[in-house]
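Note that the coordinates shown come from a computational prediction; the quantities given were computed from them, not determined experimentally.
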Amino acid sequence: MINDVDEALRNLIKEDALAGTDVDVVLDAPTRDWAARRSGPTVDAYLYDIREDVTRRSGNTAPVRRDDGKVTGYRTPPRVFRLAYLVTAWTQRPEDEHRLLAALLACFVRYEVFPARVLSSTLVEQGYPVALSIAQPPPDNRKVPDVWTSLGGDLKPSLDLVVTLTVDLGLFKEAADEVVAPLRVRSVGTTTFPDLVDDDKEGRLPDGFVPAAAGEGR
């Protein structure tokens, strides 16, 4: 489903922020080698971090009911993941890059969730909104300058875009079959064993036999 988010992001940028332009939209790692090979104005949305939002994880299963209210099984709750993109603009002049970044920022702040028109059928069928946030302070363990250091590139202005994706694991456990037969309780009284007497008339029982105490099992 990550590729579906990639495509939704590309579609939103092309149809909204860059409508009517010939600026290319890519998902490449913005390394120095890549920057040297680039030709023409480009917007790069590089996915650099994927992690689960554990604060929204629920360990409780949800009952699945028929129309008559009968529980047919239990479904594992969905999990929520946060995908962080480093969005940059690449042209020959800083002024043009800043104009592109301004257009991108204006685009992203208009949406709290991706519009349905840019989503794939897979994301639409999930039934969960795909949220986005832009230019929010990243957590302490995810710093944008560290990303540039890891890529070996030169630090430049960028937008930190975070997409919140809900994933339905589709795990389903059927409920136990309903008990149809009524429960019956049988009372067992004191039992005698006249047929267990030895032929030698000594009245001995078989080795290992333990008779029930009087009244047991009532």
Side-chain angles (χ1 to χ4, degrees), residues 1-18 25-31 43-65 71-89 101-151 153 155-175:
M1 299 184 64
I2 294 177
N3 59 307
D4 294 309
V5 175
D6 289 341
E7 194 59 28
L9 179 57
R10 192 200 301 265
N11 291 339
L12 182 61
I13 292 174
K14 286 184 175 181
E15 295 179 12
D16 195 309
L18 305 179
V25 180
V26 299
L27 305 171
D28 300 329
T31 62
V43 167
D44 186 20
Y46 172 59
L47 175 62
Y48 71 91
D49 189 70
I50 305 171
R51 64 184 67 196
E52 182 181 359
D53 186 350
V54 294
T55 63
R56 299 173 63 178
R57 183 191 293 187
S58 172
N60 300 324
T61 56
V64 178
R65 301 178 184 274
V71 176
T72 60
Y74 299 89
R75 185 177 299 279
T76 301
R79 304 273 277 274
V80 179
F81 295 88
R82 296 170 67 86
L83 284 59
Y85 289 83
L86 184 72
V87 182
T88 49
L101 288 176
L104 291 165
L105 182 60
C107 166
F108 294 136
V109 296
R110 284 198 295 268
Y111 299 97
E112 292 186 352
V113 298
F114 280 90
R117 70 177 188 276
V118 302
L119 297 178
S120 67
S121 58
T122 301
L123 292 177
V124 172
E125 291 169 3
Q126 283 260 64
Y128 301 104
V130 182
L132 59 86
S133 62
I134 189 69
Q136 297 296 312
D140 291 337
N141 57 354
R142 179 169 59 81
K143 297 183 180 297
V144 172
D146 293 340
V147 178
W148 287 106
T149 301
S150 300
L151 293 171
L155 182 65
K156 66 181 305 176
S158 62
L159 297 173
D160 193 45
L161 174 70
V162 177
V163 177
T164 303
L165 175 66
T166 303
V167 178
D168 189 346
L169 302 178
L171 300 180
F172 178 83
K173 181 180 180 181
E174 293 185 358

For Val162, does its backbone N or O pair with a side-chain atom of Arg82 as donor and acceptor, under 3.5 Å?
no
Decide side chain to side chain contact (heavy atoms under 4.5 Å, CB included) for Ser158 and Trp148; before the verdict, give the C-alpha distance in whole Å, the side-chain angles of both, and the deciding distance to 0.1 Å.
CA-CA 11 Å; Ser158 62; Trp148 287 106; 4.2 Å; yes
To check you understand the geometry: which heavy-atom pair defines the closest contact between Leu159 and Leu105, and what is its length?
CD1-N, 3.9 Å
In Å, rounded to the nearest 0.5 Å, how long is the span from CD of Glu125 to CG of Leu119?
11.5 Å
Ignoring hydrogens and geometry, is there a side-chain-to-backbone donor-acceptor pair from Asp44 to Asp28 under 3.5 Å?
yes
Nearest heavy-atom pair of Tyr46 and Leu27: which atoms, and what distance?
CD1-O, 4.2 Å
Applying the side-chain contact (heavy atoms from CB on, under 4.5 Å) criterion to Ser120, which one of Val118, Thr122, Val124 satisfies it?
Thr122
Rounded to the nearest 0.5 Å, how far apart are CG of Asp49 and CG of Leu83?
8.5 Å
Supply the atom-to-atom distance Leu161 CG to Leu9 CG, rounded to the nearest 0.5 angstrom.
5.5 Å
In Å, rounded to the nearest 0.5 Å, how long is the span from CG of Leu12 to CZ of Phe114?
6.0 Å
Closest heavy-atom pair, Ile13 versus Val25, reported as atoms and distance to 0.1 Å, is CG2-CG2, 3.9 Å
Approximate separation, where rounding is to 0.5 Å, of Glu15 CD and Cys107 SG
10.0 Å
As an exercise, state the distance from CG of Asp4 to CD of Gln126, rounded to the nearest 0.5 Å.
9.5 Å
Work out which heavy atom in Asp168 is nearest to a heavy atom in Pro78; give both atom names and the distance.
CA-CB, 4.1 Å
Are Tyr111 and Ile134 packed together at the side-chain level, in the sense that at least one heavy-atom pair is separated by less than 4.5 angstrom?
no
Minimum heavy-atom separation for Tyr85 to Ile2, with atom names?
OH-O, 4.4 Å
When you look at Thr164 and Asp53, which way does the side chain to side chain contact (heavy atoms under 4.5 Å, CB included) test go after all the steps?
CA-CA 9 Å; Thr164 303; Asp53 186 350; 5.7 Å; no
Taking the side chain as every heavy atom from C-beta outward, state whether Asp16 and Phe108 have any pair of such atoms under 4.5 Å apart.
no
Write down the atom of Leu165, the atom of Val130, and the distance for their closest heavy-atom approach.
CD1-CG2, 4.4 Å
